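A quick write-up on the structure given underneath.
Throughout, numbering of the chain's residues begins at 1 and tracks the sequence. All figures in this text were calculated on a predicted structure; none of them were measured in a lab.
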Amino acid sequence: MGRSTRAGQILWEAGTPARPSVTAAWWAVAAIALVALGGIWIRFGELGALPVDRWWHGAVEAAPGTLLFAVAIALADIGGSVGGATTAAIAGAALFALRRPRDAFAVMLAALLGVVASELLKVVVERGRPSDPLYHATGLSYPSGHSMGAAALACSLFLVLLGAEGVRRELVRAAGILAAAWILAMMWSRTALHVHWLTDTLAGALLGIAVALIARRIAIRPRLRGGIMTSRPGTRTR
């Protein structure tokens, strides 16, 4: 899987495929802290929008009646509270059906942690949305819950594939590209519909990736020396 490199040794715990290492978990915690500090800076600096937000807001727009607008609306519906919960539940159920309960737990836990962290930050930061939305949206703006949910689910599923035995490297690479594309598409959708600032979506994506790593670290058991744990999540052997 390519984890024999120096970077792989730092990011992944030896003996357990795609279980983030302690170092990776701390990096994830640092990412969450960075998102929180950014939100506090926005809150107490009374920053409605940063210069990069205003620039991106003026440059990106999905005009109503166009194909891009239809795509953005579809992504908004898929990534909303109902759509996001449904997709996470479907992914979890599928993994349970495939007898990978710990993978399923990691996916569901990431979704839960992401929602809790995102909603808490929204309350703390109290950032308003752009004043010219092209689609109905309620609630506060920072961080983007859609971007967080997309990143948490995409990253969690990528880690499931990365930890599976017998998966070709080409397939893992393709899955990584698809996961990144999905996250970027959701981020684009939120800004193109003018319901989020760019920094909202960046914070949401970073938060989602971080909770996926932490959830995976919690859910996947480490290999026990001389014990009965296998390297495949959710299975045991003698």
>> Quick check: closest heavy atoms across F105 and A219, and the distance to 0.1 Å?
In response: CD2-CB, 3.5 Å
> Does the side chain of L162 reach to within under 4.5 Å of the side chain of L159, using non-hydrogen atoms?
Replying inline: yes
> Are L193 and I73 side-chain neighbours, meaning at least one heavy-atom pair lies under 4.5 Å?
Replying inline: yes
> Does any non-hydrogen side-chain atom of L207 lie less than 4.5 Å from one of S118?
Replying inline: yes
> Quick one: does S189's side chain have a donor or acceptor within less than 3.5 Å of a partner on A72's backbone?
Replying inline: yes
>> Quick one, S147 and R190 - any side-chain contact, counting heavy atoms below 4.5 Å?
In response: yes
> Nearest 0.5 Å, what's the CG-CE distance between L121 and M148?
Replying inline: 10.0 Å
>> What I'd like to find out is whether the side chain of D103 reaches to under 4.5 Å of the side chain of L98, using heavy atoms alone.
In response: no
> Is there a path of hydrophobic side-chain contacts, each under 4.5 Å between heavy atoms of I, L, V, M, F, W or Y residues, that connects V211 with I183?
Replying inline: yes
> Where is the tightest heavy-atom contact between A110 and A212, given as atom of each residue plus distance?
Replying inline: CB-CA, 3.9 Å
> Got a sec, which pairs hit ring pair (Phe, Tyr, Trp, His ring centres under 6.0 Å) with one end in residues 140-159, sequence neighbours left out?
Replying inline: none
> How many angstroms lie between atom CE of M108 and atom CG of L112, to the nearest 0.5 angstrom?
Replying inline: 8.5 Å
> With hydrophobic residues grouped by side-chain heavy-atom distances under 4.5 Å, do V35 and W26 end up in a single group?
Replying inline: yes
> Donor-acceptor pair, T66 side chain versus A62 backbone, under 3.5 Å?
Replying inline: no
> How long is the span from the CD1 atom in I218 to the CG atom in L213, to the nearest 0.5 Å?
Replying inline: 11.0 Å
>> Which heavy atom of A91 sits nearest to which heavy atom of V107, and what is that distance?
In response: CB-CG1, 4.2 Å
> Is any side-chain heavy atom of D200 less than 4.5 Å from a side-chain heavy atom of P143?
Replying inline: no
> Quick check: does any side chain N or O of D53 sit under 3.5 Å from a backbone N or O of T199, one acting as donor and the other as acceptor?
Replying inline: yes
> Within the side chain of T201, is there an N or O that forms a donor-acceptor pair under 3.5 Å with the backbone of L198?
Replying inline: yes
>> Closer than 3.5 angstrom, by distance alone: can the side chain of R216 be matched with the main-chain N or O of R19 as a donor-acceptor pair?
In response: no
> Are the side chains of I214 and I32 in touch, meaning some heavy atoms are under 4.5 Å apart?
Replying inline: yes
> Which heavy-atom pair separates A151 from A205 by the least distance, and what is that distance?
Replying inline: CB-O, 3.4 Å
>> In the structure I gave you, are the side-chain heavy atoms of L140 and V125 within less than 4.5 Å of one another anywhere?
In response: no
> Honestly curious: do L206 and W56 fall in one hydrophobic cluster under the side-chain, below-4.5 Å linking rule?
Replying inline: yes
> Can a donor-acceptor pair be found between the side chains of T138 and R129 at a distance below 3.5 Å?
Replying inline: no
> Quick one: do I90 and V82 end up in the same hydrophobic cluster if we chain Ile, Leu, Val, Met, Phe, Trp and Tyr together by side-chain heavy atoms under 4.5 Å apart?
Replying inline: no
> Which atoms form the tightest heavy-atom contact between A49 and R54, and what is the distance?
Replying inline: O-NH1, 2.7 Å
>> To the nearest 0.5 Å, what is the distance between CG on L95 and CZ on R100?
In response: 7.5 Å
> Should I78 and V71 be counted in the same cluster of Ile, Leu, Val, Met, Phe, Trp and Tyr side chains packed under 4.5 Å apart?
Replying inline: yes
> What pair of heavy atoms forms the shortest contact from V167 to L171, and how long is it?
Replying inline: CG1-CD2, 3.7 Å
> Taking only residues at least two apart or on different chains, which pairs with a member in residues 170-219 satisfy ring pair (Phe, Tyr, Trp, His ring centres under 6.0 Å)?
Replying inline: H57-H194, H57-W197
>> To the closest 0.5 Å, what do you measure between CG (L161) and CZ (R168)?
In response: 12.5 Å
> Can you name the residues that form a salt bridge (charged side-chain N to carboxylate O under 4.0 Å, His left out) with E126, not counting sequence neighbours?
Replying inline: R43
